[in-house]
Peer 1: 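Just dropping this structure here.
This is a predicted model, so every value here is computed, not measured.
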Amino acid sequence: MPTGKLQVVPLGGLGEFGMNCMAIRWGDDIIVIDAGLMFPESELLGVDIVVPDITYLLENRKHVRAIVLTHGHEDHIGGLPWVLNELNVPVYGTEFTLAYVEDKLDEHGLLDDAELIDLVPGQRVTIGPFTINPIRVTHSLVDCVALAIHTPLGVIIHTGDFKVDPTPTDNRLFDLHTFAEYGKQGVLALFQDSTNVERTGYTPSERAVVPRFEEVFARTKRRLFISCFSSSIHRIKLAIELAHQHRRKVALIGRSMNDSTEIAQDLGYVEIPDGTLIHPGEIKNFPPEKVMVMISGTQGEPMSSLSRAAVDNHKHAKIEPGDTVVLSSRIIPGNEKAIFRMIDHLYRRDAHVIYEDGSSGAPIHVSGHASQEELKLLINLVKPRYFIPIHGEYRQLKRHAELAASMKEAVGSVMMLESGQVLEFDELGARKAGEVPVGRVCIDSGSRGDVVEDMIIKDRRHLSEDGIVLPIIAINKLTGKVESAPEIVMRGFAAAGADNGLMTGARNIITQTLEQSTDEEKKDWGLIKEKIRQDLKRYIVKNTQRRPLIMPVILEI
Ligand SMILES: [Zn+2]
Ligand SMILES: [Zn+2]
């Protein structure tokens with residue numbers, strides 16, 4: 001047994017939902033698994049995304065050899081532009097994952113300088129003292145892998161996100177055999193996805209939605225709108241196949257939906273028969289019963305295509321009486337209000353709305369994460385000396401630890417770890433060995449120059465340097481009519497150089513936004529506030545290069 005220390009340092013995702021990122025170190029070599037983001041809670045006004053603090057990696061920058069990705073979900077790759085901007089190291093990922101990464105880096109002007117290296121399941125790559133064997137797993141996305149990492153002290157396995165889907169739509173099977181092989185040879189540690197540890201039984205296969213989808217297609221007499229996450233490739237594939245069977249043309253609405261379907265098509269995951277795909281502008285040329293629209297916006301995001309269609313504010317997507325709208329996705333906690341508001345708008349147009357409403361029967365959506373029995377299955381196959389739950393809030397990690405601890409024959413010891421805590425292995429065993437700085441970095445408006453340090457500091461700085469702008473609008477709640485000219489209150493902002501021209505311009509922007517909104521949008525305060533905030537932000541940044549906190553206030557008349 002070599003002498004030395006193996007350190008595992010989670011930088012995000014353990015004890016919080018999202019921004020998964022983990023460093024693994026042997027001596028002077030560090031590899032990083034995943035670099036995800038987290039979507040901020042709504043109270044973080046003006047913050048668009050949150051990424052992990054990578055101070056630890058920057059302090060050790062000359063030792064970081066590579067970032068290795070498990071799959072292409074945002075909570076695993078979304079932080080890459082910010083991480084690579086600080087630390088340009090090679091990025092390893094499977095073909096599909098790297099296709100998403102390329103789009104993302106291109107958007108941020110980082111693609112030319114990036115070194116992207118293909119990972120192929122079953123083909124080992126060596127990075128410094130580590131040899132990595134990517135193992136195919138199934139999940140709600142395609143081309144996902146777990147990572148078996150051979151270290152001088154033994155093999156550790158990081159599951160990435162997974163469920164054990166025996167019938168994935170792409171027929172690329174979960175490689176249980178390789179997990180079992182490693183189990184036979186002996187595994188030092190298993191780091192396993194905790195997201196669904198609270199669910200008993202097995203998570204249904206991606207194909208489990210087929211009966212419900214078939215029923216919807218059979219019953220729908222008019223236009224059919226299906227909304228799912230743009231990364232739900234299995235779902236998009238099934239919907240397009242059914243559309244073809246039912247002789248419906250397919251239109252894709254929303255940029256992410258288009259990009260993602262195109263990648264899936266290029267890489268052979270989705271097949272669109274010739275003549276099936278139509279441009280959104282052509283929807284009106286076909287009888288309503290001959291069209292299916294894949295549309296983005298399952299979470300009621302105010303600017304999404306579906307939210308806009310729900311209030312008659314989309315150029316091509318018109319919801320008419322008798323149309324059917326399917327939300328094939330989970331209702332992410334925190335988004336309930338926005339989603340149900342959107343569903344109300346859809347019902348108001350006399351559309352049939354089908355969403356995960358907890359009713360029994362065939363599901364319209366299935367989760368991508370392993371339930372208890374699948375988690376136990378993998379633990380049984382791998383039989384690790386140490387088990388460490390990852391990807392979850394504290395209660396999920398805790399319950400996962402308890403589940404593993406109850407499997408005495410299969411698991412040596414169970415360790416609980418949170419982001420920032422260092423887990424150290426040597427020839428004697430494993431123990432916690434100190435902490436490294438971790439935290440959340442808030443990023444405004446998606447530009448990589450807009451990193452804002454700590455939340456509290458961010459708010460304070462925002463207010464002290466850039467001030468606050470309060471647009472005040474009086475809207476009649478019943479009619480949606482704007483009752484008087486918008487007022488704007490500025491504090492700590494106008495004083496620093498803003499003249500009357502800016503004030504007038506800002507008022508005009510608000511008036512314009514209001515004029516371009518339907519009455520129904522104006523009655524939907526969450527939506528109209530967000531529209532005003534975004535338009536005003538664009539105007540103010542453009543004219544002053546400053547970013548005041550903008551908080552629209554609507555007075556009910
Ligand atoms: Zn995932
Ligand atoms: Zn994830």
Peer 1: Using a strict threshold of under 4.0 Å (side-chain N to carboxylate O), is an ion pair present between Glu374 and Lys163?
Peer 2: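 Not counted as a salt bridge, because no side-chain N and carboxylate O are separated by less than 4.0 Å.
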Peer 1: The test is side chain to side chain contact (heavy atoms under 4.5 Å, CB included); show your working for Val83 and Val32 and say whether it passes.
Peer 2: CA-CA 11 Å; Val83 175; Val32 180; over 6 Å; no
Peer 1: Do NZ/NE/NH1/NH2 and the carboxylate oxygens of Lys376 and Glu373 come within less than 4.0 Å?
Peer 2: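 Yes, this pair counts.
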Peer 1: When you check the side-chain N and O atoms of Ser260 and Tyr100, is any donor under 3.5 Å from an acceptor?
Peer 2: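 Their side chains do contain a donor-acceptor pair, which is all the 3.5 Å distance test asks for.
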Peer 1: Per the side-chain contact (heavy atoms from CB on, under 4.5 Å) rule, which among Ile157, Thr159, Val411 passes with Val382?
Peer 2: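 Going through Ile157, Thr159, Val411 one by one, the side-chain contact (heavy atoms from CB on, under 4.5 Å) with Val382 is satisfied by Ile157 alone.
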Peer 1: So how far is it from Leu378 CG to Leu375 CG, rounded to the nearest 0.5 Å?
Peer 2: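 Here the interatomic distance stands at 8.0 Å.
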Peer 1: Give the ring-plane orientation class for His71 versus His73, where under 30° counts as parallel, over 60° as perpendicular and anything between as tilted.
Peer 2: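 Ring orientation, 0 to 90° scale: perpendicular.
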Peer 1: Would Arg25 and Val9 count as a side chain to side chain contact (heavy atoms under 4.5 Å, CB included) here? Give the steps.
Peer 2: CA-CA 8 Å; Arg25 178 175 198 153; Val9 189; 5.6 Å; no
Peer 1: Below 4.0 angstrom, N of the basic side chain to O of the carboxylate: do Glu107 and Arg255 qualify?
Peer 2: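 Answer for the salt bridge query: yes.
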Peer 1: Looking at the rings of His391 and His76, which for Trp means the six-membered one, are their centres under 6.0 Å apart?
Peer 2: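 Yes, the ring of His391 comes within the 6.0 Å limit of the ring of His76, centre to centre.
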Peer 1: Decide yes or no on side chain to side chain contact (heavy atoms under 4.5 Å, CB included) for Val325 and Leu306, but give the supporting numbers first.
Peer 2: CA-CA 9 Å; Val325 182; Leu306 187 56; 4.1 Å; yes
Peer 1: Nearest 0.5 Å, what's the CZ-CG distance between Arg440 and Leu37?
Peer 2: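 Reported value, rounded in 0.5 Å steps: 12.5 Å.
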Peer 1: Does any part of the side chain of His369, heavy atoms only, come nearer than 4.5 Å to the side chain of His139, both counted from C-beta?
Peer 2: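 Yes. Closest side-chain heavy atoms under 4.5 Å.
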Peer 1: Identify whether the distance between the nearest side-chain nitrogen and carboxylate oxygen of Lys318 and Glu320 falls below 4.0 Å.
Peer 2: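 Answer for the salt bridge query: no.
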Peer 1: Are the side chains of Val142 and His234 in contact, using a 4.5 Å heavy-atom criterion?
Peer 2: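 Yes, side chains in contact.
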Peer 1: When rounded to the nearest 0.5 angstrom, what distance separates OG in Ser231 from CE in Met257?
Peer 2: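 Going from OG on Ser231 over to CE on Met257, the span is 9.5 Å.
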Peer 1: Hey, does the side chain of Glu336 reach the backbone of Gly334 with a donor-acceptor pair shorter than 3.5 angstrom?
Peer 2: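 Yes, Glu336 side chain to Gly334 backbone: donor-acceptor pair under 3.5 Å.
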Peer 1: Compare all side-chain heavy atoms of Arg172 with those of Pro121 and state whether any distance is below 4.5 angstrom.
Peer 2: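 Heavy-atom side-chain distance check fails, nothing below 4.5 Å.
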Peer 1: To the closest 0.5 Å, what do you measure between CG (Leu69) and CG (Leu98)?
Peer 2: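 Reported value, rounded in 0.5 Å steps: 7.0 Å.
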Peer 1: How long is the gap from NE2 on His345 to CD1 on Ile319, to the nearest 0.5 Å?
Peer 2: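 So the NE2 of His345 and the CD1 of Ile319 are separated by 12.0 Å.
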Peer 1: If we only count heavy atoms from C-beta on, is the Asp161 to Thr70 side-chain gap below 4.5 Å?
Peer 2: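 The answer is no; the side chains never approach within 4.5 Å.
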Peer 1: Using every non-hydrogen atom in the two residues, find where Ile236 and Ser230 come nearest and quote the distance to one decimal.
Peer 2: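 Minimum heavy-atom contact is CD1-O, 3.6 Å.
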Peer 1: Using the six-membered ring wherever Trp is involved, compare the ring planes of His158 and Phe191 and label them parallel, tilted or perpendicular (cut-offs 30° and 60°).
Peer 2: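 The arrangement is parallel - the two ring planes meet at less than 30°.
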Peer 1: Evaluate Ser371 against Thr203 for side-chain hydrogen bond (donor to acceptor under 3.5 Å, both in side chains), listing each step before the verdict.
Peer 2: CA-CA 5 Å; Ser371 299; Thr203 301; 2.6 Å; yes
Peer 1: What's the separation between atom CG in Leu173 and atom OG1 in Thr138, rounded to the nearest 0.5 Å?
Peer 2: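 Going from the CG atom of Leu173 to the OG1 atom of Thr138 covers 8.5 Å.
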